[in-house]
Amino acid sequence: MRILRIPVWHERVSDEQFIGRIRKGLLVKRRWRHAIAATELGVLGMMTWLVVRIIDFLTDLSNVSRLAGHGAPTVHQQTIYYVYFTAVLMGLFIGFMLSHALLHLVSAFFEYRKDRLLVECWDALSDAERSHLEQRRG
């Protein structure tokens with residue numbers, strides 16, 4: 001049973017079907033790896049721009065006094081609030097995006113070796129060896 005093409009229960013697939021899925025995934029990844037790498041480099045560029053903008057914002061906090069009216073926190077208190085809030089957001093958001101972008105960038109070129117080797121080894125097997133493996137598994 002599948003919902004939105006996602007199996008609800010573990011499907012029993014043969015070795016041939018499993019290798020076929022891996023082969024299809026390798027073709028798709030090979031086709032799109034340059035686009036994924038370019039996108040992730042763009043994300044890294046935007047993250048660099050965002051860090052520069054946040055640093056500019058934090059260095060310009062002395063001009064916040066015009067926004068503080070009667071009964072509002074002092075400029076020093078507002079500066080501390082802004083710095084903590086911005087540091088938390090910057091740490092969470094930029095750290096997550098940076099690690100995600102680097103992971104995709106590296107995996108676009110280096111991670112698929114085991115899948116490629118598995119497909120090559122499967123193709124090198126004879127029909128008798130394949131049927132023997134299928135019998136041992138099943």
Side-chain angles (χ1 to χ4, degrees):
M1 179 176 168
R2 290 178 170 252
I3 297 175
L4 299 175
R5 288 194 232 169
I6 300 172
V8 177
W9 293 284
H10 177 71
E11 292 181 351
R12 184 105 169 138
V13 295
S14 68
D15 291 343
E16 192 70 41
Q17 290 171 329
F18 183 74
I19 297 295
R21 287 180 186 177
I22 292 175
R23 183 177 283 124
K24 182 179 177 182
L26 283 172
L27 290 174
V28 169
K29 290 171 187 174
R30 189 177 303 134
R31 246 182 244 149
W32 286 96
R33 76 172 169 215
H34 294 295
I36 290 171
T39 302
E40 295 304 328
L41 284 173
V43 167
L44 288 174
M46 288 190 311
M47 296 307 291
T48 304
W49 174 80
L50 181 64
V51 168
V52 170
R53 296 296 298 160
I54 288 173
I55 290 172
D56 287 344
F57 172 74
L58 289 175
T59 56
D60 196 32
L61 280 178
S62 61
N63 294 333
V64 119
S65 61
R66 59 185 162 75
L67 300 175
H70 182 67
T74 65
V75 174
H76 183 66
Q77 289 172 335
Q78 285 182 348
T79 303
I80 292 172
Y81 295 149
Y82 285 136
V83 168
Y84 280 136
F85 179 71
T86 306
V88 167
L89 282 180
M90 191 168 93
L92 290 174
F93 181 68
I94 293 177
F96 174 73
M97 293 299 290
L98 183 65
S99 66
H100 190 70
L102 288 174
L103 175 70
H104 277 281
L105 189 62
V106 168
S107 70
F109 294 104
F110 301 111
E111 188 175 280
Y112 309 116
R113 182 176 181 191
K114 70 175 175 147
D115 292 340
R116 191 176 64 243
L117 288 173
L118 178 64
V119 170
E120 288 173 4
C121 287
W122 181 260
D123 291 342
L125 290 176
S126 68
D127 290 334
E129 291 170 329
R130 288 182 189 175
S131 64
H132 177 70
L133 285 175
E134 196 66 39
Q135 288 173 357
R136 283 182 55 197
R137 188 178 149 257

Legend entry - Leu98 side, atom CG; Glu40 side, atom CD - distance, nearest 0.5 Å: 10.5 Å
Legend entry - Pairwise side-chain contact, Met97 with Leu50, heavy-atom cut-off 4.5 Å (strictly under): no
Legend entry - Test side-chain contact (heavy atoms from CB on, under 4.5 Å) applied to Phe18 and Leu118, step by step: CA-CA 11 Å; Phe18 183 74; Leu118 178 64; 4.2 Å; yes
Legend entry - Hydrophobic cluster identity match, Leu125 and Leu26, side-chain contacts under 4.5 Å: yes
Inset, instruction - Any chance you could measure Trp122, atom CH2, to Glu16, atom CD, to the nearest 0.5 Å? - result: 5.5 Å
Legend entry - Shared hydrophobic cluster for Val43 and Phe96 (ILVMFWY, side-chain gaps under 4.5 Å): yes
Inset, instruction - Taking the side chain as every heavy atom from C-beta outward, state whether Ile36 and Arg33 have any pair of such atoms under 4.5 Å apart. - result: no
Legend entry - Nearest heavy-atom neighbours spanning Ala128 and Ser131: O-OG, 2.9 Å
Legend entry - Within one Ile-Leu-Val-Met-Phe-Trp-Tyr cluster: Leu103 and Leu41, side-chain cutoff 4.5 Å: no
Inset, instruction - Working to the nearest 0.5 Å, report the span between CD of Glu129 and CG of Asp127. - result: 9.5 Å
Inset, instruction - Please round to the nearest 0.5 Å and tell me the distance separating atom CZ of Arg30 and atom CZ of Arg116. - result: 7.5 Å
Legend entry - Distance in Å, Asp115 CG paired with Ile19 CD1, rounded so as to fall on 0.5 Å steps: 9.0 Å
Legend entry - Heavy-atom check, side chain of Arg23 versus side chain of Val119, under 4.5 Å: yes
